Amino acid sequence: MTVSILLFLPIVAAVIVALLKNGVAKHAALFFSVAQLVIALIFLSKFIPDASTQFRIDAPWIPKFGIYFSAGIDGISMILVLLTTLLVPIIILTTYQHEYNREGAFYGLILFMQAGLLVVFTALDGFLFYVGWEAALIPIYFICALWGGENRIRVTIKFFIYTFAGSLFMLVALIYLYLQSPAGTFDLHNFYTMSLDAKHQTWVFWAFFLAFAIKMPLFPLHTWQPDTYTEAPSGGTMMLSGIMLKMGIYGVIRWMIPNAPVGFFHFQTLVIILAVIGIVYASIIAFKQKDGKRLVAYSSIGHVGLIAAGILAWNIQGVQGAMIQMLNHGINVVGMFFIWDIIIRRTGTRDIDQLGGIAKVAPKFAIAFLIIVLGTVGLPLTNGFIGEFLLLKGVFTYGATHFGNLVISAIAGSTIILGAVYMLRMYKNVMQGQTNALTATFADIKGSEQLTLGIICALIIVIGVYPQPILHISEAAVTQLVNEISAKFTM
């Protein structure tokens, strides 16, 4: 069994769903996405958690130009495959209370986007990686442009320009590596064996960095994100925040640092500083936000900044923390945006100051909201704790080599406290106090809402109590990659 079934099933499903009528399309999309999750779990059950690449497909595609349909799964990819196949059915479930024009097209685009994401997370050929990268961008552009908010056209164009420009930088880097390859291929592991000098590695590093930093996004390339998250339809926001931004994080681990280790080493402190500035900046802006959806958007920038800092520290603790935190962030941010989707549908507002007292009339909703908030701020025994612990350990391990870097690490860690303050304050203002005209008749969750939040809360608690199985999946692959690339830093 090869990874090809994971890559082609959502494409076939997208075509089928796109042809279905309203009322049927959402159920078909849910069925196909659950089937995709089952297949991923079968792969997981057969996966050997060592450093090898498994379930490979390596078929000629355009062999004249050294392009092969080459894909496979190792421990790093497996985490992202699980993230994608787990979150897509959850996201589809969150949309069950919405009515969409051209419903078949909406859900078909989500499934097509899933295919592109899975190609990115499993590709072992640079050309295939680029195709998956662009294939994931096209559907989210149309999802935001066709079903987004009032300012969707302006915001979506900005988003497209940013991400497409970044993609071009990445394409230049991939073509350059291909031209330097003695074997004349786009093969990832062939790229790893090349010995470019420091000057050329520096150019490759910055080309990749711009592409991946825009996608995550990192300061100062983040300005497309809050508006896009706010204007996108709920399902689109969750696809962007829960899964798509992980493309950039994954790209740093798999493509940027291993292909330009010396270039990365020369600018390591600078890019960590950019990540930490993003954490601080996003936390301060989130603290001042009155719009609940924008608060979560800025919170996401802060959390992703910490994940990036952990990776850029380039030690086993930091990268392992990033691996599990990518999964945890996806679960938590989808839950948080779904919470606000429910609030907006019930009250017609995102303004935190206009809400209050919801816990009195919707106790089930209040409990689910609280669990998601606690997971987001990393309370012990919730999923966010182990990821943040490992990330901070990785950042401080790096910072201990130099006093100035230690100060940067301390600043990164202190912002977690600020994050806890603004998230808990948001919960208090929305859920506690007295009800008003908007919240007095707030209906408690039931049906698909209760099922969706129940799944999310269960994942937050289970992963928080017993994270070891997730860490074990990626441990061997991360250890081998970090050690091999670290040995090249002083070339």
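All of these numbers come straight from a predicted model, not from anything done at the bench.
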Subject >> Audit row: Met244, Leu240, side chain to side chain contact (heavy atoms under 4.5 Å, CB included) steps and yes/no >> reply: CA-CA 5 Å; Met244 193 171 185; Leu240 279 166; 3.5 Å; yes
Original post:
Going through the checks in order, is the side chain to side chain donor-acceptor pair (under 3.5 Å) test met by Tyr141 and Thr163?
Top reply: CA-CA 10 Å; Tyr141 170 82; Thr163 52; over 6 Å; no
Original post:
Which is it for Phe267 and Trp206 under the ring pair (Phe, Tyr, Trp, His ring centres under 6.0 Å) test, yes or no, and what are the steps along the way?
Top reply: CA-CA 9 Å; Phe267 295 97; Trp206 281 112; 5.1 Å; yes
**OP:** Decide yes or no on side chain to side chain contact (heavy atoms under 4.5 Å, CB included) for Val3 and Leu118, but give the supporting numbers first.
**Re:** CA-CA 10 Å; Val3 72; Leu118 289 170; over 6 Å; no
**OP:** Step by step, work out the side chain to side chain contact (heavy atoms under 4.5 Å, CB included) result for Leu295 and Trp340.
**Re:** CA-CA 11 Å; Leu295 186 151; Trp340 276 100; over 6 Å; no
Original post:
When you look at Val81 and Phe43, which way does the side chain to side chain contact (heavy atoms under 4.5 Å, CB included) test go after all the steps?
Top reply: CA-CA 10 Å; Val81 168; Phe43 276 106; over 6 Å; no
**OP:** Using the side chain to side chain donor-acceptor pair (under 3.5 Å) rule, take Ser234 and Arg345 through it: C-alpha gap first, then chi angles, then the decisive distance, then the call.
**Re:** CA-CA 11 Å; Ser234 178; Arg345 282 191 283 108; over 6 Å; no
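At a threshold of 4.5 Å between non-hydrogen side-chain atoms, the residues Phe191 and Gln180 do not count as touching. Contact annotation: the side chain of Val88 approaches that of Ile92 to within less than 4.5 Å [non-hydrogen atoms, C-beta and beyond]. Counting only heavy atoms from C-beta outward, the side chains of Gln97 and Ile342 never approach each other to under 4.5 Å. With contacts defined as side-chain heavy-atom distances shorter than 4.5 Å, the pair Ser33/Ile110 does not qualify. Side-chain contact check for Phe219 versus Val276: every heavy-atom pair is 4.5 Å or farther apart. Under the 4.5 Å side-chain criterion, counting only non-hydrogen atoms from C-beta, Ile257 is in contact with Ile485. For the pair Tyr422 and Lys288, the minimum side-chain heavy-atom distance is 4.5 Å or more. Proximity of His266 to Phe205: side-chain heavy atoms (C-beta onward) are nowhere separated by under 4.5 Å.
Distance check: Asp74 CG to Gln480 CD gives 9.0 Å after rounding to the nearest 0.5 Å. The line from OG1 of Thr452 to CG of Leu93 is 4.0 Å long, rounded to the nearest 0.5 Å. The structure places CZ of Arg254 at 7.0 Å from CG of Leu481, a figure rounded to the nearest 0.5 Å. Interatomic distance, CZ of Phe121 versus OG1 of Thr85, reported as 10.5 Å (0.5 Å rounding). Of the inter-residue distances, the one linking Ile243 atom CD1 with Met113 atom CE reads 7.0 Å to the nearest 0.5 angstrom. Rounding to the nearest 0.5 Å gives a distance of 13.0 Å between NZ of Lys428 and CE of Met431.
By the 30° and 60° cut-offs, the orientation of the rings of Tyr100 relative to Phe106 is parallel. In this structure, Phe212 and Phe208 have parallel ring planes: the angle between them is below the 30° cut-off, well short of the 60° mark.
Residues Ser77 and Tyr250 share a closest heavy-atom pair of OG-OH, 3.3 Å. Listed here is the closest heavy atom pair of Tyr176 and Val204: CD2-CG2, 3.7 Å. Here the shortest heavy-atom pairing between Pro89 and Leu37 reads CG-CD2, 4.5 Å. The heavy-atom pair separating Met323 from Ile76 by the smallest distance is CE-O, 3.4 Å. Contact record, Leu391 with Gly310: CD2-CA, 3.8 Å, taken as the closest heavy-atom pair. The shortest heavy-atom contact between Tyr192 and Pro258 is CE1-CB, 3.3 Å.
Within 6.0 Å of the CG atom in Asn101, the count of heavy atoms belonging to other residues, nucleotides or ligands does not exceed 12. Within 6.0 Å of CZ in Phe169 there are 12 or fewer heavy atoms belonging to other residues, nucleotides or ligands.
Under the 3.5 Å distance criterion, the side-chain polar atoms of Ser486 are left unmatched by any main-chain donor or acceptor of Asn483. With hydrogens and angles disregarded, a donor-acceptor distance shorter than 3.5 Å links the side chain of Asn315 to the backbone of Gly394. A donor-acceptor pair under 3.5 Å links the side-chain atoms of Lys246 to the main chain of Ser241, judged by distance alone. Distance alone, capped at 3.5 Å, places no donor-acceptor pair between the Asp125 side chain and the Ser70 backbone. In this structure, the side chain of Gln354 does not engage the main chain of Thr349 through any donor-acceptor pair within 3.5 Å. Within the 3.5 Å criterion, the main-chain N or O of Lys26 finds a donor-acceptor partner in the side chain of Glu103. In this structure, the side chain of Ser181 does not engage the main chain of Leu177 through any donor-acceptor pair within 3.5 Å. Checking side-chain atoms of Gln114 against main-chain N and O of Pro10 turns up no donor-acceptor pair under 3.5 Å. For the pair Trp133 (side chain) and Met170 (backbone), a donor-acceptor distance under 3.5 Å is absent.
Electrostatic pairing of Lys158 and Glu231 does not count as a salt bridge here, judged by no charged N lying under 4.0 Å from a carboxylate O. Between Asp291 and Arg350, at least one side-chain nitrogen of the basic residue sits less than 4.0 Å from a carboxylate oxygen of the acidic one, meeting the salt-bridge criterion.
Side-chain contact annotation: Thr269 with Tyr398, donor-acceptor N/O pair under 3.5 Å present. A donor atom on one side chain and an acceptor atom on the other are found under 3.5 Å apart for Ser474 and Gln320. When only modelled atom types and interatomic distance are considered, Asn383 and Asn332 share a side-chain donor-acceptor pair under 3.5 Å. Inspection of the Gln317 and Thr397 side chains reveals no N or O donor paired with an N or O acceptor under 3.5 Å. For the 3.5 Å distance criterion, the side chains of Asp341 and His98 qualify, holding a donor opposite an acceptor. With hydrogens and angles left out, the side-chain atoms of Thr376 and His329 include no donor and acceptor closer than 3.5 Å. Side-chain contact of Thr95 with Tyr107: a donor-acceptor pair under 3.5 Å is present, judged by distance alone.
Under the ring pair (Phe, Tyr, Trp, His ring centres under 6.0 Å) rule, Phe69 has a single partner from Phe186, Phe127, Phe8, which is Phe8.
Both tests hold for Arg425 against Phe287: distance to the six-membered ring centre under 6.0 Å, angle to the ring axis within 45°. Cation-pi contact between Lys293 and Tyr229: absent, since separation from the ring centre below 6.0 Å together with deviation from the ring axis within 45° is not met.
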